[in-house]
Structures are given as structure tokens and as C-alpha cells.
Amino acid sequence: MTAPHRTEDMRLRRRSAMTPSNVESEGFSVTTRGPGRPRLSSRERDSLQLMARGMTTAEAAAELDVMVATVTKHLMHASGKLGCDDRAAMVHEAYRLLELDPPEQSAEWDEVIITARQHYVLQRLANGQTVMPDEERALMAVLDARSRSHLITRGWQIGRLSSARQETPSPTASQVPRGQEISTRVR
């Protein structure tokens with residue numbers, strides 16, 4: 001008879017050696033996009049899509065007819081697959097990798113004007129970086145967003161975020177002055 005801890009060690013070693021080619025033999029189903037990247041499950045995608053639409057975890061749970069803890073679990077698994085801890089960054093990465101269908105640019109947003117500083121705040125949110133709460137609230141008011149994740153969706157709708165990898169520059173006050181306005185209209 002094998003000792004319980006040895007059985008557990010063997011099982012863990014076998015799991016850590018799994019690759020996408022032999023995962024099915026272990027009873028798991030994983031599809032990948034790109035080299036070794038696991039795809040989101042349909043429930044992870046649904047949960048993240050509801051976050052992108054501005055819903056809270058509780059609202060998403062009610063919509064999916066599951067417990068709040070289940071939605072939280074789906075988002076946690078999606079976080080690991082996307083490599084992001086922040087929900088706003090998860091939404092942006094999911095759009096970028098086409099795990100979620102990116103929103104189309106909408107004509108209703110053509111006349112919305114955001115400042116250069118607000119664009120910088122939007123980029124920081126997309127990259128999972130911290131922003132000043134008052135600047136986040138101001139941007140949410142301008143873009144009529146319900147949450148940080150919803151701001152990312154709005155950023156895609158106005159054409160300020162895209163699938164191109166965007167590094168957030170470290171601006172000086174002269175590079176992104178408060179109050180400088182730029183139009184969201186795509187030229």
C-alpha cells in the first residue's frame with residue numbers, strides 16, 4: 001500500500017508535467033490561443049463580459065443564476081489565464097486577445113471629449129495600474145461608466161483603447177497637463 005502523501009506527490013508531479021498535448025488523457029479539456037495560453041471557459045467569458053458591461057459581482061451572479069462565490073471563482077480563474085489581477089485590466093486583455101468580442105466604435109461617442117490626462121488615466125486602468133480616485137470618478141462621469149471595467153469598454157467604444165499593446169508612459173506635468181482637451185473622434 002502506498003502512503004497517502006506519496007500518492008499526492010505523484011499526482012502533483014503528473015499534473016505539473018501536463019502539456020496541452022497530453023491534458024486530454026488526464027481528463028481535462030484545455031484549448032489554447034497562442035503558445036501555451038489557455039482559453040477562457042464559457043462561464044469565465046460570460047462572467048467577465050458582465051463585468052465589462054458594468055455589472056457588480058452580485059448582479060452578474062443574478063444574471064447567470066449562480067452564487068456570487070461562483071462568479072468570483074470564474075473571475076479568479078480568468079485572472080490567472082489572462083495574467084491580470086485587476087478586473088479592468090482583465091477586460092482590456094480579454095478584448096485585446098479576442099477572448100471577448102471588442103465593442104465597436106460607436107457614433108454616439110463621436111462628440112465626447114476627454115482630456116489628455118483622462119486618456120492617460122484610461123491607459124493606466126487598462127494596464128492594471130493605480131489612478132487617483134477623483135480622476136477615475138471624473139472619467140466615469142464623462143463616459144457614463146458604472147465601474148472600472150465598464151470604463152475599459154467605453155475606452156474601446158470611443159476608440160481610445162485598442163488591441164495594440166500600449167505601454168503607459170510616465171508623463172511629466174508638461175506632457176499631460178490637467179485640462180488639456182483632445183477629441184475622441186478617430187481621424
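Residue numbers count from 1 along this sequence. This structure is a prediction, so every number in the text was calculated from the model and none was measured.
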Engineer: Measure the shortest side-chain to side-chain distance between R43 and V66 over non-hydrogen atoms and say whether it is less than 4.5 angstrom.
Structural biologist: yes
Engineer: Hey, what do you get for CG (L75) to CG (L40), rounding to the nearest 0.5 Å?
Structural biologist: 10.0 Å
Engineer: Restricting to non-hydrogen atoms, name the atom on C84 and the atom on E93 that form the minimum distance, rounded to 0.1 Å.
Structural biologist: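 Of all heavy-atom pairs spanning C84 and E93, the closest is SG-CB, 3.9 Å.
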Engineer: Drop me the distance from R53's CZ to S149's OG, to the nearest 0.5 angstrom.
Structural biologist: 13.0 Å
Engineer: What are the two closest non-hydrogen atoms of V71 and A61, and how far apart are they?
Structural biologist: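 That closest heavy-atom pairing would be CG2-CA, 3.6 Å.
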Engineer: If the test is side-chain hydrogen bond (donor to acceptor under 3.5 Å, both in side chains), which one of R45, K81, Q49 qualifies with E99?
Structural biologist: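 Exactly one option meets the side-chain hydrogen bond (donor to acceptor under 3.5 Å, both in side chains) with E99, and it is R45.
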Engineer: Quick one: do R146 and E59 make a salt bridge, cutoff under 4.0 Å?
Structural biologist: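 Salt bridge present between R146 and E59.
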Engineer: Determine, stepwise, if the pair V131 / R148 fulfils side-chain contact (heavy atoms from CB on, under 4.5 Å).
Structural biologist: CA-CA 11 Å; V131 298; R148 294 165 58 98; 4.3 Å; yes
Engineer: Identify the heavy atoms of L151 and A145 that sit nearest to each other, and give their distance.
Structural biologist: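 In terms of heavy atoms, the two residues are closest at CD2-CB, 3.7 Å.
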Engineer: Which heavy atom of S147 sits nearest a heavy atom of M140, and at what distance?
Structural biologist: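 Minimum heavy-atom contact is N-CE, 3.3 Å.
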Engineer: Among L161, T153, D101, find the one that has a side chain to side chain contact (heavy atoms under 4.5 Å, CB included) with Y95.
Structural biologist: T153
Engineer: Could you tell me which non-hydrogen atom of S162 sits nearest to which non-hydrogen atom of W156, and how far apart they are?
Structural biologist: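 For S162 versus W156, the nearest heavy atoms are C-CH2, 3.3 Å.
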Engineer: List the residues meeting side chain to side chain contact (heavy atoms under 4.5 Å, CB included) with V142, not counting sequence neighbours, and say none if there are none.
Structural biologist: V112, I114, Q118
Engineer: If you round to the nearest 0.5 Å, how far is CE of M51 from CD1 of I152?
Structural biologist: 14.5 Å
Engineer: Could you grab the distance from atom OG1 of T57 to atom CE of M55, nearest 0.5 Å is fine?
Structural biologist: 11.5 Å
Engineer: Checking N127 side chain against Q129 main chain: does a donor-acceptor pair fall under 3.5 Å?
Structural biologist: no
Engineer: Taking the side chain as every heavy atom from C-beta outward, state whether L48 and L82 have any atom pair closer than 4.5 Å.
Structural biologist: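 Yes; the side chains approach each other to less than 4.5 Å.
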Engineer: Could you state the interatomic distance from OG1 (T130) to CG (L125), rounded to the nearest 0.5 Å?
Structural biologist: 9.5 Å
Engineer: Can you tell me how far the CG atom of L64 sits from the CG atom of D46, to the nearest 0.5 Å?
Structural biologist: 6.0 Å
